[in-house]
Amino acid sequence: MASPKEKIQSRLEMLPWLRGRGPVSYDYGQWVDATHHLLITLFGEESSQAKGFLEVVGEGAEARGWGLPLAPGDPWGMQARLDRAEEYLRGVLASTEG
(Lines give C-alpha, C1' and ligand atoms only; values in the text may rest on other atoms or scores of the structure.)
Protein backbone atom coordinates (compact mmCIF):
# COMPACT_ATOMS: atom_id res chain seq x y z
CA MET A 1 0.00 0.00 0.00
CA ALA A 2 1.23 3.46 -0.86
CA SER A 3 2.33 5.78 1.93
CA PRO A 4 0.66 9.17 2.49
CA LYS A 5 3.75 10.78 0.95
CA GLU A 6 3.42 8.63 -2.19
CA LYS A 7 -0.30 9.36 -2.48
CA ILE A 8 0.22 13.12 -2.28
CA GLN A 9 3.14 12.88 -4.72
CA SER A 10 0.90 11.05 -7.21
CA ARG A 11 -1.59 13.95 -7.10
CA LEU A 12 1.26 16.38 -7.80
CA GLU A 13 2.48 14.24 -10.70
CA MET A 14 -0.87 14.79 -12.43
CA LEU A 15 -0.34 18.55 -12.66
CA PRO A 16 1.72 18.62 -15.88
CA TRP A 17 -1.00 16.56 -17.58
CA LEU A 18 -3.70 18.92 -16.30
CA ARG A 19 -1.79 21.99 -17.45
CA GLY A 20 -1.09 20.38 -20.81
CA ARG A 21 -4.81 19.98 -21.39
CA GLY A 22 -5.53 23.63 -20.82
CA PRO A 23 -6.47 22.78 -18.01
CA VAL A 24 -9.96 21.59 -18.87
CA SER A 25 -12.50 22.50 -16.17
CA TYR A 26 -13.95 18.97 -16.03
CA ASP A 27 -10.52 17.38 -15.49
CA TYR A 28 -9.52 20.08 -13.03
CA GLY A 29 -12.75 19.60 -11.07
CA GLN A 30 -12.17 15.86 -10.85
CA TRP A 31 -8.59 16.43 -9.73
CA VAL A 32 -9.67 18.89 -7.03
CA ASP A 33 -12.40 16.57 -5.73
CA ALA A 34 -10.12 13.53 -5.66
CA THR A 35 -7.28 15.46 -4.04
CA HIS A 36 -9.57 16.89 -1.37
CA HIS A 37 -10.97 13.40 -0.71
CA LEU A 38 -7.41 12.07 -0.35
CA LEU A 39 -6.56 14.77 2.20
CA ILE A 40 -9.74 13.95 4.16
CA THR A 41 -8.86 10.25 4.08
CA LEU A 42 -5.27 10.84 5.21
CA PHE A 43 -5.77 13.60 7.76
CA GLY A 44 -9.51 13.86 8.57
CA GLU A 45 -12.35 16.05 7.37
CA GLU A 46 -11.69 18.76 9.94
CA SER A 47 -7.91 18.68 9.49
CA SER A 48 -5.93 21.77 8.64
CA GLN A 49 -4.68 19.98 5.51
CA ALA A 50 -8.17 19.35 4.09
CA LYS A 51 -9.53 22.76 5.09
CA GLY A 52 -6.44 24.57 3.84
CA PHE A 53 -6.73 22.92 0.45
CA LEU A 54 -10.27 24.27 0.04
CA GLU A 55 -9.05 27.73 1.02
CA VAL A 56 -6.68 27.78 -1.96
CA VAL A 57 -9.01 26.22 -4.55
CA GLY A 58 -12.35 27.50 -3.25
CA GLU A 59 -15.45 25.83 -1.90
CA GLY A 60 -18.52 24.70 -3.76
CA ALA A 61 -18.81 22.97 -7.12
CA GLU A 62 -18.20 26.01 -9.33
CA ALA A 63 -15.35 27.38 -7.25
CA ARG A 64 -13.68 23.97 -7.19
CA GLY A 65 -13.52 23.80 -10.96
CA TRP A 66 -16.80 22.58 -12.35
CA GLY A 67 -17.37 25.03 -15.20
CA LEU A 68 -14.65 27.40 -14.02
CA PRO A 69 -12.97 29.42 -16.81
CA LEU A 70 -9.21 29.43 -17.33
CA ALA A 71 -9.15 33.21 -16.76
CA PRO A 72 -5.41 33.79 -17.19
CA GLY A 73 -4.33 36.65 -14.99
CA ASP A 74 -7.36 36.36 -12.71
CA PRO A 75 -6.23 35.40 -9.17
CA TRP A 76 -9.29 33.13 -8.88
CA GLY A 77 -9.11 31.68 -12.39
CA MET A 78 -8.40 28.01 -12.86
CA GLN A 79 -4.71 28.46 -13.63
CA ALA A 80 -4.06 30.53 -10.51
CA ARG A 81 -5.98 28.04 -8.36
CA LEU A 82 -3.94 25.21 -9.82
CA ASP A 83 -0.71 27.06 -9.02
CA ARG A 84 -1.85 27.63 -5.42
CA ALA A 85 -2.94 24.00 -5.08
CA GLU A 86 0.47 22.81 -6.25
CA GLU A 87 2.29 25.05 -3.79
CA TYR A 88 -0.04 23.99 -0.99
CA LEU A 89 0.36 20.26 -1.68
CA ARG A 90 4.13 20.62 -1.82
CA GLY A 91 3.93 22.12 1.68
CA VAL A 92 1.73 19.27 2.91
CA LEU A 93 4.15 16.79 1.34
CA ALA A 94 7.10 18.45 3.07
CA SER A 95 5.29 18.27 6.41
CA THR A 96 4.75 14.51 6.00
CA GLU A 97 8.45 14.01 5.44
CA GLY A 98 9.43 15.64 8.73
Side-chain angles (χ1 to χ4, degrees):
M1 177 170 266
S3 70
K5 177 184 171 184
E6 292 168 328
K7 290 177 181 181
I8 295 168
Q9 184 62 44
S10 73
R11 302 310 299 166
L12 285 166
E13 289 170 0
M14 294 175 152
L15 293 173
W17 178 82
L18 279 171
R19 287 188 174 111
R21 290 188 40 84
V24 174
S25 66
Y26 177 78
D27 296 331
Y28 171 79
Q30 286 189 319
W31 182 84
V32 166
D33 287 347
T35 302
H36 183 239
H37 179 74
L38 173 66
L39 294 172
I40 288 171
T41 302
L42 294 176
F43 303 106
E45 190 167 354
E46 297 300 316
S47 68
S48 61
Q49 294 88 345
K51 287 182 174 183
F53 183 73
L54 288 185
E55 288 176 12
V56 300
V57 297
E59 294 190 52
E62 184 178 346
R64 290 168 64 185
W66 299 101
L68 188 67
L70 281 173
D74 182 339
W76 284 99
M78 193 183 326
Q79 292 174 340
R81 291 171 196 245
L82 194 57
D83 291 344
R84 286 194 302 272
E86 178 178 17
E87 182 179 340
Y88 183 80
L89 288 177
R90 290 198 185 285
V92 171
L93 183 62
S95 73
T96 64
E97 294 174 346

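In this text the structure is predicted, and so the values were computed from the model without any measurement.
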side-chain hydrogen bond (donor to acceptor under 3.5 Å, both in side chains) pairs, two or more places apart, involving residues 7-18: R11-T35
Please report the C-alpha distance between K5 and L42 in whole Å, then the side-chain angles of each, then the deciding distance to 0.1 Å, and finally whether the side chain to side chain contact (heavy atoms under 4.5 Å, CB included) criterion is met. CA-CA 10 Å; K5 177 184 171 184; L42 294 176; over 6 Å; no
Separation between OH of Y28 and CG of D33, rounded to the nearest 0.5 Å: 10.0 Å
Within this structure, what is the OG1-CD distance for the pair T96 and E6, rounded to the nearest 0.5 Å? 10.5 Å
Checking R84 now: which residues fulfil side chain to side chain donor-acceptor pair (under 3.5 Å) with it, not counting sequence neighbours? none
Cluster question for you: counting only ILVMFWY and a side-chain heavy-atom cut-off of under 4.5 Å, with indirect links fine, are F43 and I40 together? no
Taking every non-hydrogen atom, the tightest pair across A85 and V57: CB-CG1, 3.8 Å
Please set out all donor-acceptor pairs under 3.5 angstrom arising from side-chain atoms of residues 47-55, sequence neighbours excluded.
unit_1 : atom_1 : unit_2 : atom_2 : d
S47    : OG     : G44    : O      : 2.7
S47    : OG     : A50    : N      : 3.1
K51    : NZ     : E46    : OE1    : 2.9

Which heavy atom of L38 sits nearest a heavy atom of I8, and at what distance? CD2-N, 4.1 Å
From CE (M14) to CD (Q30), nearest 0.5 Å: 9.5 Å
For the residue pair R19 and D83, establish whether any side-chain heavy-atom pair is separated by less than 4.5 Å. yes
Value rounded to 0.5 Å, distance of CD in E86 from CG in L18: 10.5 Å
